[in-house]
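Because the structure is predicted, anything quoted here is derived from the model rather than measured.
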Amino acid sequence: MTLAPTSRHGQAVWSDSRLLFALEEVVEVELNRHLKAAKEWMPHEYVPWSDGRNFDGVMGGEAWAPEQSKVTDVGRIALVVNLLTEDNLPSYHHEIATRFGRDGAWGTWVHRWTAEEGRHGIVMRDYLLTSRAVDPVELERFRMAHMGEGFESDNGHSMLHSIAYVAFQELATRISHRNTGHHSGDPVCDRMLARIATDENLHMVFYRNLLAKAFELAPDQTMAAVRDVVIGFRMPGHGMPGFERAAAQMAIGGIYNLRIHHDDVLQPVLRFLKVLEISGLSGEGLKAQEELGLYMGGLDAQATKFDERREAMLARRAARIAAQV
């Protein structure tokens, strides 16, 4: 079977099936690298079990109250968003197993990734409930509502779009977890989320390196996919209850906002791959590169305006607090 692409209007066109075969060897190399770099860790070691006690209900314990939480207000909001995002793992697994397959190196990676992501949800929920960081009843109701809706990727129509999306999304998740830890006010939470963020970074490297190979094989198609993903990027938890309000509070709180998205998520991947410097593109690829450059410039300007509004808002808030003292 030949892996050579077909041709359309003078440009090489790779089908998803051909790209899957062509990338298999790279997947195996990256999988082996990942397995050597990944460190085994145990979720139970990051949970303050001695802080736990029974809740109200069938165990007749104490009902949750906000003052029991050790984390900041924005920390509680972000922890719920981050955990609910992890909770939809069954849908994510279905998406990538359907797109990448369950056989060979691809299949091994899909199952390994799912197993590692599963630890994140385990340790986060155990921490949140044991430390009484968030309202357990609200958390469970949100989980049921969010998982009841399921998840359908914006990029499921194309393997290249899927690879491009997860290259950015894994880094976005790492940044969100890490910043949540920094802003949580609880060193135990910070340590737990730092451990999760390490996994997410390794996942990002895996997909980023696949994306680099895709640029070698199909530069025009890959550039178009990256443009589409960057311009239309949404976090996987966008469908959860109250996401817009929570996202706004996380943005103001410095956990994830336009400036962070531009500087710490999009730019590092684009710079590493030298996406805006790739030469030899033609047709759709060249157009996509130009549009991507324009979009990034516009996003930077939007982020600057957001920074100015945020600083003014925080200054007014600080002034009100000072006036009350």
Side-chain angles (χ1 to χ4, degrees), residues 43-88 120-149 173 175-197 235-257 260 309-311 313-325:
H44 70 271
E45 295 179 352
Y46 289 83
V47 179
W49 298 105
S50 59
D51 292 348
R53 58 189 186 276
N54 292 343
F55 286 99
D56 59 332
V58 296
M59 299 298 293
E62 181 183 1
W64 183 83
E67 59 269 18
Q68 297 168 2
S69 177
K70 297 179 182 179
V71 301
T72 61
D73 290 343
V74 71
R76 283 202 298 276
I77 293 167
L79 282 163
V80 170
V81 169
N82 291 353
L83 176 55
L84 290 179
T85 300
E86 299 287 355
D87 275 337
N88 243 348
H120 302 167
I122 290 169
V123 70
M124 289 181 68
R125 175 165 278 98
D126 285 348
Y127 164 80
L128 294 181
L129 296 181
T130 301
S131 66
R132 291 179 174 245
V134 302
D135 182 347
V137 174
E138 183 180 69
L139 180 65
E140 176 60 11
R141 287 173 177 164
F142 279 167
R143 186 190 71 83
M144 289 293 293
H146 186 41
M147 292 192 70
E149 290 294 324
T173 303
I175 295 298
S176 181
H177 282 312
R178 201 68 192 93
N179 287 344
T180 298
H182 290 329
H183 289 277
S184 69
D186 181 9
V188 176
C189 179
D190 191 23
R191 183 169 59 244
M192 171 194 65
L193 291 176
R195 177 58 260 185
I196 292 174
M235 290 293 274
H238 61 81
M240 68 181 59
F243 178 79
E244 289 78 12
R245 176 176 172 78
Q249 292 170 305
M250 290 167 66
I252 295 169
I255 289 176
Y256 201 97
N257 54 43
I260 292 170
R309 293 196 300 269
R310 176 174 177 264
E311 289 174 7
M313 182 184 301
L314 293 176
R316 290 195 298 270
R317 183 181 296 174
R320 286 197 300 270
I321 293 174
Q324 296 171 358
V325 176

Evaluate Glu138 against Arg141 for salt bridge (charged side-chain N to carboxylate O under 4.0 Å, His left out), listing each step before the verdict. CA-CA 5 Å; Glu138 183 180 69; Arg141 287 173 177 164; over 6 Å; no
Would you compute the distance between atom [atom1] of [X] and atom [atom2] of [Y] and round it to the nearest 0.5 angstrom?
X: Arg191; Y: Glu45; atom1: CZ; atom2: CD; result: 10.5 Å
X: Thr180; Y: Ile77; atom1: OG1; atom2: CD1; result: 10.5 Å
X: His177; Y: Leu83; atom1: NE2; atom2: CG; result: 9.0 Å
X: Leu84; Y: Leu139; atom1: CG; atom2: CG; result: 6.0 Å

Closest approach of [X] and [Y], non-hydrogen atoms and distance?
X: Met192; Y: Tyr46; result: CA-CD2, 3.9 Å
X: Gly181; Y: Leu193; result: N-CD1, 3.4 Å
X: Pro241; Y: Ala145; result: CG-CB, 3.8 Å
X: Gly75; Y: Val71; result: C-CG2, 4.4 Å
X: Pro66; Y: Trp64; result: CA-CH2, 3.5 Å
X: Val188; Y: Pro48; result: CG1-CD, 4.0 Å

Is a side-chain N or O of Glu86 found less than 3.5 angstrom from the main chain of Ile122, in a donor-acceptor match?
-> no
What I'd like to find out is whether the side chain of [X] reaches to under 4.5 Å of the side chain of [Y], using heavy atoms alone.
X: Cys189; Y: Leu79; result: yes
X: Thr85; Y: Thr173; result: no
X: Met147; Y: Asn88; result: yes
X: Arg316; Y: Met313; result: yes
X: Asn82; Y: Met124; result: yes
X: Ile255; Y: Ser176; result: yes
X: Asp87; Y: Arg125; result: yes

**Message:** Apply side chain to side chain contact (heavy atoms under 4.5 Å, CB included) to residues Val123 and Arg195 and explain how you reach the verdict.
**Reply:** CA-CA 10 Å; Val123 70; Arg195 177 58 260 185; over 6 Å; no
For atom CD of Glu62, decide whether the heavy atoms of other residues, nucleotides or ligands shown that lie under 6.0 angstrom number more than 12.
yes
Is there a side chain to side chain contact (heavy atoms under 4.5 Å, CB included) between Val134 and Phe142? Walk through the geometry before answering. CA-CA 12 Å; Val134 302; Phe142 279 167; over 6 Å; no
Q. Given the rule in the side chain to side chain contact (heavy atoms under 4.5 Å, CB included) test, do Asp73 and Arg76 qualify, once you have shown the distances and angles that lead to the verdict?
A. CA-CA 5 Å; Asp73 290 343; Arg76 283 202 298 276; 2.8 Å; yes
Result block: side-chain N/O donor-acceptor pairs under 3.5 angstrom for residues 243-254, not counting sequence neighbours:
none

For this session: Would you please test Arg178 and Ile175 for side chain to side chain contact (heavy atoms under 4.5 Å, CB included) and show each step?
Result: CA-CA 5 Å; Arg178 201 68 192 93; Ile175 295 298; 5.7 Å; no
Do His44 and Asp126 have a side chain donor and acceptor closer than 3.5 Å? no
